[in-house]
Asks: 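I have a structure I would like to understand better, so I am pasting it below and will then ask my questions one at a time.
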Amino acid sequence: MLVLGILRRGHRAQSRRNIVNLQHLTSRSLSPKQNIQLLGLRFETTTPKPSTQATPNPPPPPQKFAYPEKLCIYHAGTGKITFLACFKISTLFIFVFFAFVVTPAYYDREGLSPTVLRTALSAIVPLVFTAYTTSPFVSFIHMRLPPFARQSEDMLRRFVRTLPPHTELEITTMSLIAKPRASRVKLSDLRPVSRRLGIVNLARDAAAENAARKWYMFRAVGDFSAQSNTVKRAPWVWESIMNALEKQRT
């Protein structure tokens, strides 16, 4: 190993001497004018060129808004929503139990009898009642805000005082299986009503939307029940909208 190291060092020293001699020979074989030109060419090739492209300006920081683009203006309450969802699912279990377990058992034992009729009604009546009374229930409502109305509360109040008719509302209801259903409605399409024993207080004409849907699709929600608002952030927005709708009614 020692011998190999000595040989390698000697080979490197010899290579360095050859390079130095070659440089001396090259510089001696050229004229002074050629040496100056060669030095100038080396300087041009080694000098870094200034960058011709201007450095791009950093992007401006994103604008911070006081309110989101979709502002929740109505919330029925977490407890009420949870209770209603459990009530709907329980009604479905009752329907399945009486319709597919109890009624067939009595029918096999007694045939078509008053008991079979009562058990069948025990399955159908709760389901129909639940669907009729709870389908318009509104869980929450979101309103789409323009950028200027999201800047501060003062700008939001100015926007709410002069709401345009094409303002979009996203009304979320609950299906029979407690699944959320979102309906995008323009403010001009809503009108205050009193239907289903006072349960429904808002309605819209959904005939055009139903006509555009396929036969196997669910019908569009046309009746809404938005009775009590529990939203904590800007609750006055929903009150202003309801007051505006009442003025349109009169």
Side-chain angles (χ1 to χ4, degrees), residues 67-103 118-145 167-187 189-207 209-210 213 216-246 249:
Y67 297 96
E69 183 180 0
K70 293 173 62 177
L71 177 64
C72 182
I73 59 176
Y74 176 88
H75 197 285
T78 305
K80 188 182 295 185
I81 295 173
T82 305
F83 171 78
L84 190 61
C86 295
F87 183 74
K88 285 175 175 284
I89 295 175
S90 301
T91 305
L92 288 177
F93 280 116
I94 292 173
F95 171 78
V96 171
F97 176 72
F98 277 93
F100 297 100
V101 178
V102 178
T103 302
R118 286 194 295 269
T119 56
L121 290 176
S122 299
I124 297 173
V125 171
L127 184 67
V128 173
F129 176 79
T130 302
Y132 181 78
T133 57
T134 62
S135 59
F137 176 78
V138 176
S139 301
F140 32 81
I141 302 175
H142 292 83
M143 182 173 65
R144 189 176 297 276
L145 299 177
T167 303
E168 184 180 275
L169 301 178
E170 186 175 295
I171 305 177
T172 304
T173 55
M174 196 181 302
S175 66
L176 188 61
I177 59 174
K179 181 181 178 181
R181 294 187 63 186
S183 303
R184 290 179 175 84
V185 183
K186 291 183 179 180
L187 184 62
D189 296 337
L190 290 176
R191 64 184 187 277
V193 295
S194 180
R195 299 176 182 174
R196 302 191 189 185
L197 304 176
I199 298 175
V200 176
N201 63 339
L202 292 173
R204 63 160 177 159
D205 188 8
E209 188 173 349
N210 288 328
R213 296 191 176 192
Y216 54 84
M217 300 176 66
F218 289 107
R219 300 296 90 185
V221 181
D223 296 333
F224 304 100
S225 175
Q227 302 288 347
S228 58
N229 187 15
T230 62
V231 71
K232 297 181 179 180
R233 189 179 187 184
W236 47 267
V237 176
W238 179 245
E239 296 176 1
S240 301
I241 292 176
M242 289 299 297
N243 294 333
L245 293 176
E246 289 291 342
R249 183 181 183 181

Asks: From the options Leu145, Ile241, Asn229, Val231, select the one residue that forms a side chain to side chain contact (heavy atoms under 4.5 Å, CB included) with Ile73.
Replies: Ile241
Asks: Where do Ala99 and Ala123 come nearest, in terms of heavy atoms and distance?
Replies: N-CB, 3.7 Å
Asks: What pair of heavy atoms forms the shortest contact from Lys88 to Ser135, and how long is it?
Replies: NZ-N, 4.3 Å
Asks: Locate the shortest heavy-atom distance separating Ala203 from Arg195; write the atom from each residue and the value.
Replies: CB-NH1, 3.8 Å
Asks: Between Leu190 and Leu169, what is the shortest heavy-atom contact and its length?
Replies: CD1-CD1, 3.8 Å
Asks: Taking the six-membered ring of Phe224 as reference, does the cationic atom of Arg204 (NZ for Lys, CZ for Arg) lie under 6.0 Å from its centre and within 45° of its axis?
Replies: no
Asks: Please state whether the rings of Phe87 and Phe83 are parallel, tilted or perpendicular, taking 30° and 60° as the class boundaries.
Replies: parallel
Asks: Scan side-chain atoms only and decide if Thr230 and Lys80 contain a donor-acceptor pair under the 3.5 Å cut-off.
Replies: no
Asks: Counting N and O atoms only, with roles assigned by atom type, does the side chain of Glu69 sit under 3.5 Å from a partner on the main chain of Arg144, one being a donor and the other an acceptor?
Replies: no
Asks: Should Leu92 and Leu127 count as side-chain neighbours, where that means a heavy-atom distance under 4.5 Å?
Replies: yes
Asks: Please give me the minimum heavy-atom distance between Arg213 and Phe218, naming the atom from each residue.
Replies: NH1-O, 2.7 Å
Asks: Give the minimum heavy-atom separation between Ser225 and Tyr74, together with the two atoms involved.
Replies: O-OH, 4.4 Å
